[in-house]
Every structure is written in structure tokens, then in C-alpha cells.
Participant: 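Take a look at the following structure, please.
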Amino acid sequence: MAGARQEARAEPATADREIVISRVIDAPRELVFEAFTEVRHLSRWWGPEGFTTATPSFEFRVGGVWDFVMHGPDGTDYSEWITWTEIVPPERIALLHGESRDDPNAFESVLTFAPDGAATRIVMRTVFPTKELRDDAVEKYHAIEGGQQTLSSLAVYVTEIVREGAPG
């Protein structure tokens with residue numbers, strides 16, 4: 001019985017509020033990190049399949065804000081807001097993401113970038129304020145598939161940059 005309790009405690013307290021998505025990208029860590037830090041890159045790959053992103057303002061620094069609108073394939077616009085809470089180049093980015101600065105349902109994400117041979121393993125760990133908000137994000141907004149598609153778009157984008165930059 002005591003062993004079972006210890007195992008339960010080994011799981012993070014936030015496990016029922018989390019979404020964790022990871023991917024290995026065939027590009028150097030510095031380039032993958034840079035793709036998250038410059039709006040000229042983000043606007044080319046951010047979002048699930050079929051979405052485009054417009055950015056009225058972007059300041060990549062701790063406390064800086066990225067205001068953007070994701071345009072859905074059905075014509076729906078989604079206003080979004082991110083503030084950067086931690087930046088450790090080229091290893092880690094932490095952020096708070098919501099619909100606006102005062103969104104009570106904003107969620108926290110931590111992205112880690114680790115070398116994996118010549119490639120990069122990116123892990124995106126998102127923690128929602130409640131289990132219900134996490135479940136809504138998964139069920140209504142397809143957050144897991146959307147996150148996987150977003151990292152897939154990132155992989156295609158940075159792999160293209162590597163290929164274009166390689167001597168032919």
C-alpha cells in the first residue's frame with residue numbers, strides 16, 4: 001500500500017492539467033530556437049495546418065508581448081496573446097498564453113530545446129489552470145493535434161532553411 005502511494009506521488013501534481021508534445025527536428029538547436037524568437041520566422045510556420053498568423057506587435061524579451069491573430073481555414077480569426085516569462089537561449093522558453101492580457105484562462109507553456117545528435121528534440125509542456133480547461137482545449141480545439149501540427153510545420157520550415165543553406 002505504501003508503495004502505491006509513493007508511485008502516485010511520483011506523478012506531477014499538474015499531470016491532469018497538462019499537454020506534453022515533443023518532436024525531433026532535423027536541424028541544429030540554435031536554428032530551432034531562433035525560429036521561435038523572431039517574428040519573421042514565426043509568421044511562416046506558427047499554427048495548425050491551414051492556419052495563418054498575423055502579428056500586430058512582437059517583442060521577444062522577458063516581459064515582452066506577442067499579440068497575434070490566427071486566421072483559421074474556415075475564415076474564423078482567433079486573437080491571441082503571449083508574454084514571455086523566461087528565456088534561456090538556446091535551451092528554454094517559458095510563456096503565458098491567452099486570448100488577451102487579462103484572460104483568466106491563460107495557460108503556461110515551457111518549451112525545451114535539447115540536442116539530439118545533429119538534430120533537436122523540442123518538448124512543449126503546457127499546463128492549464130484547471131483540468132476542465134485542459135479537457136476543453138483537447139476536445140473543442142483539438143489542442144494535441146494542433147500542437148503536433150504546429151511542431152510539424154516548424155520542422156518543415158527549419159529543415160527547408162537547413163537545406164537551402166547547405167552547399168549544393
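Residue numbers run from 1 in the order of the sequence given.
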Participant: Considering all heavy atoms of both residues, which atom of G64 and which atom of T83 are nearest to each other, and what is their separation?
Facilitator: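 Closest pair (atom of G64, atom of T83, distance): O-OG1, 2.9 Å.
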Participant: Is there a path of hydrophobic side-chain contacts, each under 4.5 Å between heavy atoms of I, L, V, M, F, W or Y residues, that connects F36 with F58?
Facilitator: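 Same cluster: F36 reaches F58 through Ile, Leu, Val, Met, Phe, Trp or Tyr contacts under 4.5 Å.
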Participant: Please answer whether the main-chain N or O of A155 pairs with a side-chain N or O of T159 as donor and acceptor at a distance below 3.5 Å.
Facilitator: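 Yes, the answer is positive, given that a donor and an acceptor are paired below the 3.5 Å cut-off.
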Participant: Does V39 offer a backbone N or O that forms a donor-acceptor pair with the side chain of S43 under 3.5 Å?
Facilitator: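 Checked: pair present.
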Participant: Output all residues satisfying ring-ring contact (aromatic ring centres under 6.0 Å, His included) with Y141, sequence neighbours left out; order by chain, then residue number.
Facilitator: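 For Y141 there are no ring-ring contact (aromatic ring centres under 6.0 Å, His included) partners, ignoring immediate neighbours.
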Participant: Could you tell me whether the side chain of T14 and the main chain of R17 form a donor-acceptor pair under 3.5 Å?
Facilitator: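 A pair under 3.5 Å: no.
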Participant: Rounded to the nearest 0.5 Å, what separation is found between the CD1 atom of I21 and the CD atom of Q149?
Facilitator: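 Reported to 0.5 Å precision, the distance equals 10.0 Å.
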Participant: Among Ile, Leu, Val, Met, Phe, Trp and Tyr joined by side-chain contacts under 4.5 Å, find the other residues sharing a cluster with W81 and list them by chain and number.
Facilitator: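 Besides W81, the hydrophobic cluster comprises V65, L96, listed by chain and residue number.
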Participant: Measure the shortest side-chain to side-chain distance between F68 and I82 over non-hydrogen atoms and say whether it is less than 4.5 angstrom.
Facilitator: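 With C-beta onward as the side chain, the pair touches.
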Participant: Verify, without hydrogens or angle tests, whether R29 (side chain) and F113 (backbone) share a donor-acceptor contact under 3.5 angstrom.
Facilitator: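 Yes, R29 side chain to F113 backbone: donor-acceptor pair under 3.5 Å.
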Participant: Distance-only, no hydrogens or angles: does the T126 side chain make a donor-acceptor pair with backbone N or O of E18 under 3.5 Å?
Facilitator: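 Pair absent, no side-chain N/O of T126 close to backbone of E18.
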Participant: Using a 4.5 Å cut-off between side-chain heavy atoms of Ile, Leu, Val, Met, Phe, Trp and Tyr, which other residues end up in the same hydrophobic cluster as V123?
Facilitator: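 Answer for V123: V20.
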Participant: Linking Ile, Leu, Val, Met, Phe, Trp and Tyr by side-chain heavy atoms under 4.5 Å, what else ends up with V69?
Facilitator: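 None; V69 is a cluster of one.
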Participant: Which pairs count as salt bridge (Lys or Arg N to Asp or Glu O under 4.0 Å) when at least one residue sits in residues 101-122, sequence neighbours excluded?
Facilitator: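 Pairs touching residues 101-122 that pass the test: D116-R121.
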Participant: Where do R92 and F33 come nearest, in terms of heavy atoms and distance?
Facilitator: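 Minimum heavy-atom separation between R92 and F33: O-CE1, 3.8 Å.
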Participant: Would you tabulate the side-chain donor-acceptor contacts of residues 46-57 under 3.5 Å, counting partners in other chains and residues two or more places apart, or write 'none'?
Facilitator:
{"residue": "T53", "atom": "OG1", "partner": "W46", "partner atom": "O", "Å": "3.2"}
{"residue": "T55", "atom": "OG1", "partner": "W66", "partner atom": "NE1", "Å": "3.0"}
{"residue": "S57", "atom": "OG", "partner": "D67", "partner atom": "OD2", "Å": "3.1"}

